[in-house]
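Computed from a predicted model, the values in this text were never measured in an experiment. Below, read A as the first sequence line, B as the second, and so on, with proteins coming before strands; counting in each chain starts at 1. Atoms considered below: every heavy atom in the structure, side chains included; atoms not considered: hydrogens, waters and symmetry mates.
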There are 2 protein chains.
Amino acid sequence: MSKTAPTDELFLHFEKYIPLSNTLKKELADRIVFKSFKKGEIIHDANTICTKSYFIQNGLMRTYFIKDGKEITEYFSAENEWVNSPRSFMQQQLDIYYIDTLEPTDCFCLNVKDLVFLFDNFPEMERYARLSMGTVFGHYMDRITSMRFTTAKEKYNHFCETYSAIYHRVPLGMVSSYLGIAQETLSRIRAEK
Amino acid sequence: MSKTAPTDELFLHFEKYIPLSNTLKKELADRIVFKSFKKGEIIHDANTICTKSYFIQNGLMRTYFIKDGKEITEYFSAENEWVNSPRSFMQQQLDIYYIDTLEPTDCFCLNVKDLVFLFDNFPEMERYARLSMGTVFGHYMDRITSMRFTTAKEKYNHFCETYSAIYHRVPLGMVSSYLGIAQETLSRIRAEK
DNA sequence: GTGATTTTTTGACCCAGGTCAAAAATCAGG
DNA sequence: CCTGATTTTTGACCTGGGTCAAAAAATCAC
C-alpha cells in the first residue's frame, strides 16, 4: 500500500524548525497532496510561473536552466527537501529554471495559494520559512566560496561529500555543469583514482 | 545636527515588504540605536558570536574571511542594507566572517535579543525577514551562475553593474578576492579600456 | 612636505583546465 | 538481445588567467 498522505518525514522536517500544533498539522494534511512522477518528467517549465512546491519523499530531481542551448544544472534535490523554482515560486514571477526528475519520484505537493493561506493564519509558518531558508542560504554561501577558490578536483571531492547520498546516481554531464567544469575534465578527474 | 533615531530610509526599507503599524514603528524606534563608525573599524570579529545587525545609513562595509593568511572579501554592503555575519547572527553560533568599515559609516543597530522580541510579538516581522531574505537569496543564485560561467572580464563588468554605486570606492585587491580572480589579472582588465 | 608603507601596474613565465574530435562504453526501446 | 542513441572516455592541442618578482604610483603618518 502506497502512502498518500503527509508522512512523518514531512512533519519531522517542519519540527526541525517549529513545533507543530495539531491544528496546523490538520491544515497541512488537508492541503498537501501526494504525487508520483516517472523518471524524466518535467515538473516545472521556465515558461510558466511556479505555483507548486514539492517535498521529496524519495527520488531525485534536478533544477536546471538553458544556456547556449545546453542544460546547466543549478542543483540536485533528494529525499526530505523542498523543490521549486525559488524566485518564481516566492515572487510569483517568471524565472529561468526548469525542474525534472532523474529518478521515479514520490513527493508531497503544496500549492502557493495554500501556502499563502498558511502564512496568513499560522505565524509559525512564516518562522519556519524564515529559518529553513536560513539553512539553505548558508549552503549557498559555502558554495560560492567553493566556486571561487578550489581546483576542479577539489570541487568534485566537495560535491561527493555534500551530495554523498546521490553523487553516484547522477549522469556525469549534469554534475560537470553543476560544478562549472568541462565534462571531459570531470571524466579525467574521476579516472585518476 | 546628526540623526540619532531611525530615519525614513529604514522604515521605507521595511515597507518594501510589509506595512508598518504605528505600534511596530514605536517598538522599532525604541530598540534601534544609532551608531557611527570611523573608517577601518572592525564591526564584527569571527571569534565572537554575532549579536548585532547594522542597517547602513551611509558609508560602506566589507564582510570578509581569512584564507591562507589573506583577507577574502565575501561581499560589500552599502546604503540601505543590513549587515551582519548571517549564519552567526541567525543561528547564534560561530562563523568565519569578519566585518569592517571601508569608509566612515553611520548606521542603525539592532540587537539579536530585540529582534527575537519583535519576531515573537509581531508576526509581520517574521514575514519581513522571510521576504527580504528571499531577495538576497536571488542575488546569491545569480552570483553562483556568474562565478561558474563567466570570464574574468565578464565578472568584473558584472560587478561594476551590480555594485555601480560603490565599485570605484573599493580598493582593487578587495574586489579581486570578491570575484575570485588574481589582483594582477584585474589590474590588467581595468587597464585595457 | 617627506619618507615609509601600502596599493597598483607591468613583465615573464607556466599550467590547469578548456575545446575539438573521435573511439569506447552504456543505455533504452522494440 | 539487438541496434541506434546517448553518455563517457581518451588524445591532442591551446589559452585564460595564475604565480612570482620588481617597478611605479598612491596614500599615510609625522
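- Remark: P of C:dT7 and CE of B:Met174 are 7 Å apart, rounded to the nearest angstrom.
- Residues B:Cys107 and B:Phe55 share a closest heavy-atom pair of CB-O, 3.0 Å.
- Aromatic ring pairs are classed by plane angle as parallel below 30°, tilted from 30° to 60° and perpendicular above 60°; the pair B:Trp82 and B:His13 is perpendicular.
- Summarising the geometry, the separation between CZ on B:Arg190 and P on C:dT8 is reported as 7 Å, rounded to the nearest angstrom.
- Side-chain contact of A:Ser88 with A:Asp95: a donor-acceptor pair under 3.5 Å is absent, judged by distance alone.
- Rounding to whole angstrom units, CG of residue A:Leu186 and P of C:dA16 are separated by 17 Å.
- Summarising the geometry of B:Thr73 relative to B:Met174, their closest heavy-atom pair is OG1-O, 2.9 Å, with the distance given to 0.1 Å.
- In A:Tyr167, the OH atom is not crowded: 12 or fewer heavy atoms of neighbouring residues, nucleotides or ligands sit closer than 6.0 Å.
- Whole-Å rounding puts the A:Lys155 NZ to C:dA16 C1' distance at 10 Å.
- One can place CD of B:Gln183 at 9 Å from P of C:dT7, the figure rounded to the nearest angstrom.
- Residue A:Glu184 contributes atom CD, which lies 18 Å from atom P of C:dA16 at whole-angstrom precision.
- Taking every heavy atom of residues 161-168 of chain B and every atom of DNA chain D, no pair lies under 4.0 Å.
- The outermost nucleotides of DNA chain D lying under 4.0 Å from heavy atoms of chain A, listed 5' to 3', are D:dT8 to D:dA12.
- Atom CE in A:Met147 sits roughly 13 Å away from atom C1' in C:dG17 (whole-Å rounding).
- Between B:Phe37 and B:Tyr54, the ring-plane angle classifies as perpendicular under the 30° and 60° cut-offs.
- Using a 30° and 60° split on the angle between ring planes, A:Phe14 and A:Tyr128 fall in the tilted class, from 30° to 60°.
- Remark: aromatic rings of B:Tyr178 and B:Phe76 are close, center separation under 6.0 Å.
- Salt bridge status for B:Glu27 with B:Arg31: present, with a side-chain N to carboxylate O gap under 4.0 Å.
- The distance between atom CZ of A:Arg188 and atom C1' of C:dG17, rounded to the nearest whole Å, is 9 Å.
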